[in-house]
Amino acid sequence: MLYFLGYPQNGHRRGVRARLMRLFPCSTAKKPSASNQNSVEDELELSAVRHRPEGLEQLEAQTRFSRKELQILYRGFKNECPSGVVNEDTFKDIYAQFFPQGDASTYAHFLFNAFDTDHNGSVSFEDFVMGLSILLRGTVQEKLNWAFNLYDINKDGYITKEEMLDIMKAIYDMMGKCTYPVLKEETPRQHVEIFFQKMDKNKDGVVTIDEFIDCCQNDENIMRSMHLFENVI
Amino acid sequence: MAAGVAAWLPFARAAAIGWMPVASAPMPVPPKDKRRAKDGLIVLNVSGTKFQTWRNTLERYPDTLLGSTERDFFYHEESNEYFFDRDPDIFRHILNFYRTGKLHYPRHECISAYDEELAFFGIIPEIIGDCCYEEYKDRRRENQERIQDDEEIDQSNDMVQQDMTFRESMWRAFENPHTSTMALVFYYVTGFFIAVSVLANVVETVPCGTAPNRVKEVSCGERYALAFFCLDTACVMIFTVEYLLRLLAAPSRYKFVKSVMSIIDVVAIMPYYIGLVMTDNEDVSGAFVTLRVFRVFRIFKFSRHSAGLRILGYTLKSCASELGFLLFSLTMAIIIFATVMFYAEKGSSGSKFTSIPAAFWYTIVTMTTLGYGDMVPKTIIGKIFGSICSLSGVLVIALPVPVIVSNFSRIYHQSQRAEKRRAQKKTRLARIRAVKSGGANAYLQYKRNGLLIDADEEAGQALVCKTNPTFDIQHHHLLHCLEKTTNHEFVDEKTYEESCMEVSMVKQTSRSSSISSSPHGLTCCSRRKRKSFNVPNSNMSVGLQGSVQELSTIQIRERPISNSRSSLNAKFEETVPLNCDQPYITAAVISMPTPPVTTPEGDESASSTDYSQANIVRVSAL
């Protein structure tokens, strides 16, 4: 009835053609292959992030864990991250669960960068277990090295006051709001000052790795605390 | 906390080495690791279906049956496995909870069977994951409502009478006639009188034969005017008494007066009283006649007696917007067609379509397919449009009705769902908050317990091992390390707010004073604080006052360092924790407060006290 009301003729013809086309699906115009390709690639990307670690023997050789310990570690790791890698968000979530009162995301970010030694945005099982091997079974020198690496945010070999301040603020953020005594704005800064007074021997405003290691080795509290977590696994 | 992350606790503890170089205080000693049994496979035989899992997996949740020693009761020596005589299908989900940390609810299972299994295995349903939680709650509520309905019916039948006052029992009798014989009698009597009154209203308009000295017929109402009047009076009296009794018994009179049923009651009996008042006035008798129409509202009093009427009323009320739309679209169509018909029939002679409003009647009758035939189009074009009108009438009326029905059902369920979701969102947020604060509170509780256990160590050790599983001990040690690193302590909200308040009060009292008078402020502050922190500072020493004085005179006197726990537990915190809101200018009173050495290590305490002393000296020299 609409056609009687003077529907435009070309539209009428187009409608018929479209209807005919629908009857013969194979004759429809080919879609550009590029878009097909893209969609396939997208699908691959979504499902592709799956990582299989190196063999058990290799890991045993590279780290200081025993076979059984590696097995237990991997089971826990894979349970929480079935795809085999941890990305930064998951890492932050996991770490935040241990510190319910505060905000652990900034510190988790720095920690993630410390573990992600090849800086590819994800922590695989190898990265994870290498880091743990240093922390739990390494020499004091290696542990201090690792800590220096953690504080040195831009990995240039020097810890500046700004970097230390960031780290300190991240640590204090983990405490949250409800602390006693109440956290003030300048608490992290003061802490950084104390740290630099202790560590920066030549007062050049940065702490190098040698200054750091020297100073820590002379401090018995720090030495003692390095051995604190040796029986964690 | 999801115990899936229990596997990551060793990592978090190892990463704590990153805090060590910047720590302000020495770290607490780590908890002794009980020699763990070698991790092995456990076979769980549930009614013949064998499940196997690592022992560690089960022990992630030590407060459940499978994770604790309670499972030893089910150990079957002959086959070296744990045998449970329960449903294996539901057990699958329970075991998955241990594996993944998330509890799921299978939709096809009966809710009460599932609840029973959860209760048996000691798992609280609140940890059901978000994916299944809504479904679980819905089913649970349905089930409970069903049980509740049954219970109510039973309960109302044998509720004890003497517990309620006379007024309450009267109200209950009115609302639920099945409670007592009197209520039932009252119910039927009022029903009878409503029916009688309505019937009388109807009958009094029936023509009743001619009066002896009149030609035309009179209605029964005029013939037996007195009888009807008496009947009417009787009915109205009963209704009035009933209304007054209800008003008396109502728990909330204001709410009762506002309710629909009471308005109907009032409207039903008002015409009679108004008629009584103004019988003689001729001018308003016309209006009075109209008022009698309201007597028909008495029929609505039946809705108290019939639940179906109530439901219908509620349905109409909730569907009002859809009905309104139907009316509006109908009105549009009527106007259009009436206009068309009027102009189409304008030409024909003797047509009944004298105006557009006159054509409304034809359009309505045609669209609703009534077709009285009192107005018919005579011209051809009129007939054509008339037929179009009747065809479209069928459509216009038939189409919205299912739409209204489905709309009604959809909107009704949507509002229910929105309500549900709002309620569940609140519960879910509360759950998340509870878990978070539970974690935090667990640590604070552990600290307090730790302090109390300090006092008598004999009972302490065993108690700690029983109440805090390994994971918790290690986690608390980690948090303790963080406290030591930053030299601040975790406290709960209340204490935090109190300390904020006190600091602001101190600020006000001693803002303009010099340093010499500040001890006064400090003392006030500290004394007040001593009151609030009762539990942690239960063995706070007399060194309290001493320390305050020391700081105020900027000379540190050597505090007696003894090994007695009481003095070691002296809190250094009376040094003013500065104002949370604004910076506090007086620089000399700034200090880095050091938390007390409260953990059970005796050997480290001496050195740490030295350390903290040194700390104070350094800082207050600023």
Side-chain angles (χ1 to χ4, degrees), chain A residues 72-73 75-77 79-80 94-95 97-101 107 110-111 114-115 128 131-132 135-136 143-144 146-148 150-151 164 167-168 171-172 174-187 190-192 194-195 199 212 215-216 219 221-222 224-226 228-229 231-233, chain B residues 1-2 4-24 26-27 29-30 33 39 54 56 99-100 435-437 439-440 443 474-475 478-479 481-483 485-493 495-496 499-500 503 573 575 577-578 580 583 592-593 595 611:
Chain A
I72 297 179
L73 278 173
R75 266 185 253 140
F77 183 84
N79 216 6
E80 199 60 21
I94 295 174
Y95 201 71
Q97 299 216 24
F98 293 111
F99 302 98
Q101 278 201 337
Y107 188 73
F110 295 133
L111 207 54
F115 268 89
F128 179 70
L132 275 189
L135 288 173
L136 298 177
K143 289 181 191 174
L144 290 174
W146 187 90
F148 185 85
L150 172 70
Y151 301 147
M164 204 58 219
I167 299 269
M168 204 60 78
I171 295 181
Y172 275 89
M174 283 197 285
M175 291 291 295
K177 189 177 64 123
C178 297
T179 59
Y180 184 74
V182 181
L183 275 178
K184 312 177 297 275
E185 276 299 312
E186 57 275 5
T187 314
Q190 288 170 353
H191 206 147
V192 171
I194 297 175
F195 177 77
M199 299 275 167
F212 183 73
C215 189
C216 288
D219 186 336
N221 276 327
I222 298 182
R224 198 179 10 239
S225 59
M226 282 291 150
L228 209 57
F229 293 111
N231 54 350
V232 159
I233 295 285
Chain B
M1 187 184 319
V5 295
W8 287 70
L9 184 62
F11 156 74
R13 299 180 70 205
I17 288 191
W19 305 334
M20 303 300 151
V22 295
S24 332
M27 293 293 139
V29 167
D33 265 341
D39 193 16
W54 295 109
N56 274 355
R99 294 192 185 118
T100 60
V435 165
K436 269 201 143 195
S437 71
Y443 179 58
Q474 292 177 346
H475 184 223
L478 184 66
L479 291 174
C481 286
L482 183 60
E483 283 186 343
T485 311
T486 56
N487 254 334
H488 288 62
E489 274 198 358
F490 288 112
V491 292
D492 52 8
E493 288 252 352
T495 357
Y496 169 70
S499 64
C500 257
V503 164
E573 287 149 350
T575 66
L578 292 188
C580 346
M592 187 79 100
Y611 187 86

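First the proteins, then the strands, lettered A, B, ... as listed; each starts at 1. Note that this is a predicted model, so its numbers are computed, not measured.
Of the two parts of A:I171, the backbone and the side chain both hold a non-hydrogen atom closer than 4.5 Å to a non-hydrogen atom of chain B. Neither the backbone nor the side chain of A:F148 comes within less than 4.5 Å of any heavy atom in chain B. For A:F110, no part lies under 4.5 angstrom from a heavy atom of chain B.
Nearest heavy-atom pair across A:M199 and B:P21 is CE-O, 4.0 Å. Of all heavy-atom pairs between B:G18 and A:L150, the closest is CA-CD2, 3.8 Å. Nearest heavy-atom pair across B:N487 and A:P181 is O-CD, 4.3 Å.
Atom CG of A:L136 and atom CZ of B:R13 lie 9.5 Å apart (nearest 0.5 Å). For the atom pair B:Q474 CD and A:F98 CZ, the distance stands at 10.5 Å (nearest 0.5 Å). Here CE of B:M27 is found 9.0 Å from CG of A:N221. Values are rounded to the nearest 0.5 Å. To the nearest 0.5 Å, the span separating OG1 on B:T486 from NE2 on A:H191 amounts to 8.0 Å.
Heavy-atom pairs under 4.5 Å with chain B peak, among A:A114, A:C216, A:S225, at A:S225. For the options A:Y151, A:Y95, A:F99, A:W146, heavy-atom pairs under 4.5 Å to chain B are most numerous at A:Y151. Chain A forms more heavy-atom pairs under 4.5 Å with one residue of B:I17, B:L478, B:T485, B:L479 than with any other, namely B:I17. With respect to chain B, the highest number of heavy-atom pairs below 4.5 Å among A:A147, A:C215, A:C178 belongs to A:C178. Ranked by heavy-atom pairs under 4.5 Å with chain B, the first of A:T179, A:I222, A:L111 is A:T179.
Every residue two or more places apart in sequence or in another chain that forms a side-chain hydrogen bond (donor to acceptor under 3.5 Å, both in side chains) with B:W19 is listed here: A:Y107. A:I72 pairs by the side-chain contact (heavy atoms from CB on, under 4.5 Å) definition with nothing, not counting sequence neighbours.
Between A:F128 and B:F11, the two ring planes are tilted [angle within 30° to 60°].
Within the 4.5 Å cutoff, no side-chain heavy atoms of A:M175 are placed close to those of B:E489. A 4.5 Å side-chain heavy-atom check between A:M164 and B:V22 finds at least one atom pair inside the cut-off.
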Taking it one step at a time, do B:H488 and A:T187 satisfy side chain to side chain contact (heavy atoms under 4.5 Å, CB included)?
CA-CA 10 Å; B:H488 288 62; A:T187 314; 3.5 Å; yes

